[in-house]
Amino acid sequence: MALPTNSSSTINVNNQPKPTYSQMTQQFKYPTREEAIILDSINGISIHSYTIAVGSIVQPKNVRFVSRISMNRVCIYLSDKAFVRELSDKTIEVEGHKLTIRPLISHAKRILLSNVCPEITQETIVEELKKLNITPVSPITFVRSGLKNPDYDHVCCFRRQMYVKPGDLAKIPPRLEIQLHNLTYTVYLSSEKLICFRCKE
């Protein structure tokens, strides 16, 4: 003979009422534009592919909204703006296309430094910039050379990057003269993305 069941305990063990749709809506956390990234929209590539590519980096649960937007871009909202900072200016591959991830809202401007001898320290560059009343809002970081062989993925080129306040862009000189070991090194600065004429990367 089947034993009688307690219907109330079967439905809700903890005696907690199930939240209504209205309550769930009230608890919903609306995202901000600072939690969004953008990528170039390529003809023939589906939204699904963009979503999977980004989700493979930040985990699927951290991808919240995705859509194509104006100016041939794809916009993806993530669960936290920390992911936006982590992904900004990194390259992601989507169906064979290498695309640069950019924040939807950029409060800082990226500056590329070229022809930087590896012996020149980051502190030396910062000191030269301070003479021009320019203070980077991010650490100066090395740029990888992009060699195809994965064994050499760690090798960096003679370029570095940093971020500055938008108001400091006008102060950025085209070059810096840095003295080191009784030699003068010329470092070139640019706010534009530099592209190799041979490999187009």
Side-chain angles (χ1 to χ4, degrees), residues 9-112 136-157 159-163 166 192-196 199-201:
S9 63
T10 302
I11 296 174
N12 197 325
V13 176
N14 298 321
N15 268 339
Q16 295 289 337
K18 186 176 180 180
T20 65
Y21 177 78
S22 176
Q23 290 172 330
M24 292 175 65
T25 302
Q26 290 175 359
Q27 296 173 358
F28 176 75
K29 177 183 175 291
Y30 286 92
T32 66
R33 292 168 65 83
E34 292 182 342
E35 296 170 350
I37 59 173
I38 54 174
L39 302 98
D40 292 333
S41 177
I42 306 296
N43 289 335
I45 297 182
S46 67
I47 285 290
H48 176 81
S49 296
Y50 287 98
T51 308
I52 296 299
V54 173
S56 67
I57 301 175
V58 301
Q59 297 185 2
K61 66 180 180 180
N62 293 310
V63 180
R64 299 190 64 196
F65 298 91
V66 60
S67 180
R68 296 188 192 275
I69 60 175
S70 61
M71 299 172 63
N72 291 322
R73 297 174 298 170
V74 170
C75 180
I76 300 178
Y77 277 81
L78 305 174
S79 61
D80 195 287
K81 60 184 178 183
F83 289 117
V84 176
R85 291 193 297 268
E86 179 185 338
L87 296 179
S88 291
D89 292 311
K90 289 189 175 178
T91 300
I92 189 172
E93 185 166 328
V94 183
E95 293 190 9
H97 295 268
K98 291 185 177 180
L99 305 175
T100 301
I101 301 174
R102 306 185 303 277
L104 177 62
I105 300 297
S106 179
H107 299 292
K109 299 299 181 182
R110 181 177 182 237
I111 300 297
L112 281 171
V137 296
S138 74
I140 299 175
T141 58
F142 296 99
V143 176
R144 292 187 179 182
S145 60
L147 297 175
K148 302 300 182 183
N149 190 323
D151 292 336
Y152 297 93
D153 184 55
H154 64 282
V155 178
C156 296
C157 62
R159 293 176 182 169
R160 302 183 199 181
Q161 64 179 0
M162 64 180 182
Y163 286 84
E192 300 297 328
K193 183 177 180 181
L194 300 181
I195 299 177
C196 175
C199 66
K200 304 301 180 183
E201 293 184 2

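Partner L112 forms a side-chain contact (heavy atoms from CB on, under 4.5 Å) with one of M162, Q161, R160 and no other, that one being Q161.
Atoms CZ and CG, on R64 and D80 in that order, are 10.5 Å from each other to the nearest 0.5 Å. In this structure, Y50 OH and I45 CD1 are separated by 4.5 Å, a value rounded to the nearest 0.5 Å. The structure places CD1 of I38 at 11.5 Å from CG of L99, a figure rounded to the nearest 0.5 Å. A distance of 5.5 Å separates CD1 of I42 from NE2 of H97, quoted to the nearest 0.5 Å. Here the straight-line distance linking atom SG of C75 with atom CZ of R68 works out to 12.5 Å at 0.5 Å rounding. Annotation: the span from I37 atom CD1 to L87 atom CG amounts to 5.5 Å, rounded to 0.5 Å.
A 4.5 Å side-chain heavy-atom check between V63 and V58 finds at least one atom pair inside the cut-off. Using a 4.5 Å heavy-atom cutoff, the side chains of R144 and V155 are not in contact. Looking at heavy atoms from C-beta onward, L78 lies out of side-chain contact with F65 at the 4.5 angstrom threshold. L39 is not listed as a side-chain neighbour of T100, based on a closest heavy-atom distance of 4.5 Å or more. For the pair V74/V66, a side-chain contact is recorded, criterion being any heavy-atom separation below 4.5 Å from C-beta on.
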Steps toward side chain to side chain contact (heavy atoms under 4.5 Å, CB included) verdict (I92, V54): CA-CA 8 Å; I92 189 172; V54 173; 4.1 Å; yes
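Using a 4.0 Å cut-off between a side-chain N of Lys or Arg and a carboxylate O of Asp or Glu, R73 and D40 do not qualify as a salt bridge. A salt bridge does not link K81 to E35: none of the charged side-chain nitrogens sits closer than 4.0 Å to a carboxylate oxygen.
Under a 3.5 Å cut-off, the side chain of S88 and the backbone N or O of R102 do not form any donor-acceptor pair.
Taking every heavy atom of both residues into account, A53 and V94 meet most closely at CB-CG2, 3.8 Å. The two atoms that bring L147 and S145 nearest to each other are CG-OG, 3.2 Å, heavy atoms only.
Aromatic ring pairs are classed by plane angle as parallel below 30°, tilted from 30° to 60° and perpendicular above 60°; the pair Y152 and H154 is parallel.
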